[in-house]
2 protein chains.
Amino acid sequence: MCEESTSGKSTGCHCAGGMPVERFMQPCLLLLLKQRSAHGYDLIQSLPEFGFNEKSLDPGTVYRNLRRLEEDGLVISHWDVGDGGPAKRLYRITDEGEEMLHAWAIHIGQQRKRMDNFLERYGAVFGTGKL
Amino acid sequence: MCEESTSGKSTGCHCAGGMPVERFMQPCLLLLLKQRSAHGYDLIQSLPEFGFNEKSLDPGTVYRNLRRLEEDGLVISHWDVGDGGPAKRLYRITDEGEEMLHAWAIHIGQQRKRMDNFLERYGAVFGTGKL
DNA sequence: AATCTATATAGACATAATACCTATAGAGGT
DNA sequence: ACCTCTATAGGTATTATGTCTATATAGATT
């Protein structure tokens, strides 16, 4: 039901929801930027650590998120043209972004509790062997 | 940042995402219907057990999900006009719905792992006291 | 009789999110 | 010249989401 498509086209799996890629990407980006300032391309290399795979990691999606974070004042960037290679943006987190990261962590903790509760009930009905 | 609005209007909190109400509602409805057949209104009474509050529990949303589940063949319903009161639909889960429930459980388990991983990294940066 | 409340379901609508696809451009190698 | 890697940006169609409103029955209250 949740198998990957072999045709390259989306199968529109109805259970794919629950945690959309983009929204979860934002706290991941903020956490990475809390640890170190980085370019978009750097961040793309690091996001697999948070469970993003090749399919869910569209570069356009990452850059769009970074632009949105900057619009919201959660990160700031400046062009970095020094060291050869194409011009790149260096992003860093703002104080506001750090506050938002804390809010995200609380929120994610709550959602995890909800999932725990769901899985507990599921296990009670079907037996824990299913998980 | 995630505080409730006192004006009654949505504040558009940017960290409210990560687990949209509607999509998570579907596995909850399927699990409830696995335990017992029920009317939409019954299900609305039970959904708070899964962390839905008054604000996130719009009846229209519940009925929309039930219709969608039926469109997808995951539940079936028939009108129940016997015992007085307005006509009501009695929903029951189908075999296909049960399979989808299993897929959901696996998916939710995976997402929980992702959240655990995030919170672990968060704790490593800020200290576990923040959670 | 009229009104109110609880039960019960359904649909409309605007905005936001999501996935997917394509475009642009510099640097370095073959 | 061509290809690949690095690096960023934008478009678009579809779906999701939240919110609001409409409909209707039954029973209790005034």
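Naming: A, B, ... by sequence-line order, numbering from 1 per chain.
- Judged by closest nucleotide on DNA chain D, A:Y91 is the one of A:R64 and A:Y91 placed further toward the 5' end.
- Within the structure, every side-chain polar atom (N or O) of B:R67 is placed at least 4.0 Å from both OP1 and OP2 of C:dT9.
- When the P atom of C:dG11 is taken as reference, atom OH of B:Y63 falls 13 Å away, rounded to whole Å.
- Looking only at distances, a side-chain donor or acceptor of B:R114 sits under 3.5 Å from a matching main-chain atom of A:F50.
- Across the protein-nucleic acid pair, A:D58 atom CG and C:dT18 atom C1' stand 11 Å apart, rounded to whole Å.
- Judged by distance alone, with hydrogens and angles left aside, the side-chain atoms of A:D116 form no donor-acceptor pair with the main-chain N or O of B:R112 at under 3.5 Å.
- Comparing D:dA7, D:dT19, C:dA10 by their nearest atom to the side chain of B:W79 picks out C:dA10.
- Classification of the B:F118-B:Y122 ring pair by plane angle, with boundaries at 30° and 60°, yields parallel.
- A:L66 has its CG atom 12 Å from the C1' atom of D:dA7, to the nearest Å.
- When rounded to the nearest whole Å, the span between CD of B:Q45 and P of C:dA6 equals 12 Å.
- OP1 or OP2 of D:dA16 lies within a sub-4.0 Å distance of a side-chain N or O belonging to B:R68.
- Judged purely by atom type and a 3.5 angstrom limit, A:D72 has no side-chain atom pairing as donor or acceptor with the backbone of A:L74.
- Closest to the side chain of A:Y41, from the set D:dA7, D:dT17, C:dA8, is D:dA7.
- Straight-line distance from the CD atom of B:Q26 to the P atom of D:dT15: 14 Å, rounded to whole Å.
- Taking for each of A:A87 and B:A87 the nucleotide of DNA chain C with the nearest heavy atom, the 5'-most of the two is the partner of B:A87.
- In this structure, the side chains of B:Q111 and B:I108 stay at 4.5 Å or more apart for every pair of heavy atoms.
- When rounded to the nearest whole Å, the span between CZ of B:R89 and C1' of D:dT25 equals 16 Å.
- Taking atom CD of residue B:E71 and atom P of nucleotide C:dA10, one finds them 12 Å apart after rounding to whole Å.
- A:L57 has its CG atom 13 Å from the C1' atom of C:dA19, to the nearest Å.
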